[in-house]
Amino acid sequence: MDLRFNTSLAEGYKSASQIARVLTEDWLARNMYCPICGETTIRRAEPNAPVKDYVCEHCKSQYELKSKKSTRDTYPRRVEDGVYNTMISRITSLDNPSFFFMHYDRYEVNNLIIVPKCFFTPNVIFKRKPLSESARRAGWVGCSILLGEIPNVAKISIIHNGEIRKIDDVVREYNRVYSLQSKSLEGRGWLVDVLQCVERLEKNFTLDQMYTFAQELSLKHPGNNHIHDKIRQQLQYLRDKGIIEFKGRGLYERVIVP
């Protein structure tokens with residue numbers, strides 16, 4: 001994997017955003033493998049495919065890339081995206097893509113993570129205000145991905161500060177995290193929200209501490225009148241998947257510490 005961009009592709013472009021898009025998309029197509037099955041290459045999707053930039057020919061997994069010029073190894077809490085309705089329609093179809101998030105500087109990649117598709121719900125998509133009537137695209141409604149609302153365990157590192165992780169390690173971690181997926185959008189929402197609460201506590205935490213999030217969770221899931229039961233159910237699910245351990249007497253421990 002060569003971290004450098006092919007800068008010759010920037011010739012003829014004047015817009016900084018266009019140059020960034022061309023260079024980063026080309027880099028991923030030339031260098032990236034499929035983090036799900038380990039296939040050595042992924043191909044670009046057909047032009048203008050909604051919320052989909054790349055496809056794995058082997059397992060048919062879909063991916064989208066979001067890139068930003070930065071030297072930081074931490075990612076912003078909010079990442080700008082495209083049309084709100086298109087994004088919501090795509091992620092609620094349960095056939096949504098996983099997302100690559102890239103940081104680059106001096107025409108090379110310094111950080112890259114992958115977030116599995118099962119962690120994208122309407123709650124992590126922010127609806128921006130419509131553009132004013134005086135704007136060229138008056139009334140256009142965009143969105144932002146609230147990356148800060150996605151659990152850290154779902155942000156799987158591929159490149160960290162210029163260091164490239166082994167493919168087998170990335171695939172193993174991806175599939176362990178992806179095993180948390182739910183076949184329902186509601187189940188996906190509970191997974192994201194409860195994992196977020198778990199990560200806000202210390203590595204060792206109690207059931208009573210989790211119950212302190214009941215009011216917050218009830219606001220996110222107003223149709224559920226048994227929040228405490230749902231918290232216990234989700235903790236058992238995370239325990240069965242090896243994300244947390246039950247130590248007895250209402251005590252839990254995170255196995256994967258972001």
Side-chain angles (χ1 to χ4, degrees), residues 35-36 74-79 84 87-99 101 113-127 143-157 172-258:
I36 296 178
T74 56
Y75 287 79
R77 294 187 59 81
R78 181 180 295 189
V79 177
Y84 174 78
M87 172 64 85
I88 292 297
S89 175
R90 193 75 171 87
I91 66 172
T92 55
S93 71
L94 299 179
D95 184 32
N96 55 312
S98 297
F99 276 74
F101 294 92
I113 61 173
I114 178 77
V115 177
K117 66 179 186 178
C118 58
F119 288 89
F120 289 91
T121 69
N123 283 343
V124 304
I125 306 299
F126 176 77
K127 185 177 184 179
C143 69
S144 303
I145 300 171
L146 300 179
L147 195 55
E149 296 297 313
I150 295 176
N152 289 328
V153 72
K155 301 166 188 174
I156 301 165
S157 177
R172 188 180 304 111
E173 184 176 349
Y174 185 102
N175 282 282
R176 183 183 188 187
V177 173
Y178 187 62
S179 71
L180 297 171
Q181 69 171 318
S182 170
K183 293 182 179 180
S184 73
L185 192 63
E186 179 187 7
R188 191 192 296 179
W190 273 104
L191 167 66
V192 172
D193 294 337
V194 170
L195 256 178
Q196 268 278 26
C197 295
V198 167
E199 290 187 351
R200 285 158 60 184
L201 298 173
E202 298 294 328
K203 179 181 177 181
N204 294 287
F205 61 95
T206 67
L207 180 60
D208 285 341
Q209 286 177 308
M210 285 297 299
Y211 284 161
T212 64
F213 296 111
Q215 170 114 20
E216 178 181 327
L217 291 170
S218 68
L219 292 175
K220 292 183 177 181
H221 302 273
N224 192 303
N225 296 319
H226 306 282
I227 300 298
H228 284 201
D229 292 342
K230 195 67 178 180
I231 290 173
R232 290 196 302 273
Q233 179 195 65
Q234 290 299 302
L235 290 177
Q236 181 175 338
Y237 181 68
L238 293 176
R239 181 202 66 188
D240 293 344
K241 292 296 184 177
I243 302 300
I244 62 176
E245 286 185 1
F246 178 58
K247 297 296 187 179
R249 297 181 181 275
L251 180 64
Y252 294 85
E253 179 180 347
R254 281 205 312 270
V255 176
I256 299 178
V257 182

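From a predicted model like this one, the values you see are computed outputs, not experimental measurements.
- Partners of R172 under the salt bridge (Lys or Arg N to Asp or Glu O under 4.0 Å) rule, at least two apart in sequence or in another chain, are D169.
- Looking at residues two or more places apart in sequence or on another chain, you find no salt bridge (Lys or Arg N to Asp or Glu O under 4.0 Å) involving E186.
- Formation of a donor-acceptor pair under 3.5 Å by the R176 side chain with backbone atoms of G242 is found in this model.
- A salt bridge links E149 with R77: the closest approach of a Lys/Arg side-chain nitrogen to an acidic carboxylate oxygen falls below 4.0 angstrom.
- Under 3.5 Å, the side chains of S98 and Y178 contain no donor-acceptor pair of N or O atoms.
- In plain terms, the two heavy atoms of I91 and N96 that are nearest each other are CA-CB, 3.5 Å.
- The aromatic rings of F246 and Y252 lie tilted to each other, with the angle between the two planes from 30° to 60°.
- Contact record, C197 with L217: SG-CD2, 4.2 Å, taken as the closest heavy-atom pair.
- A search for salt bridge (Lys or Arg N to Asp or Glu O under 4.0 Å) contacts involving K241 returns nothing, not counting sequence neighbours.
- One distance of note links CH2 of W190 with NE2 of H221; it measures 4.5 Å at 0.5 Å rounding.
- Taking CD1 from I231 and CE from M210, the interatomic distance works out to 5.5 Å, rounded to the nearest 0.5 Å.
- Aromatic ring orientation, Y75 versus F101: perpendicular (interplanar angle above 60°, classes split at 30° and 60°).
- The CG atom of L146 sits 7.5 Å away from atom CZ of F126, with the distance rounded to the nearest 0.5 Å.
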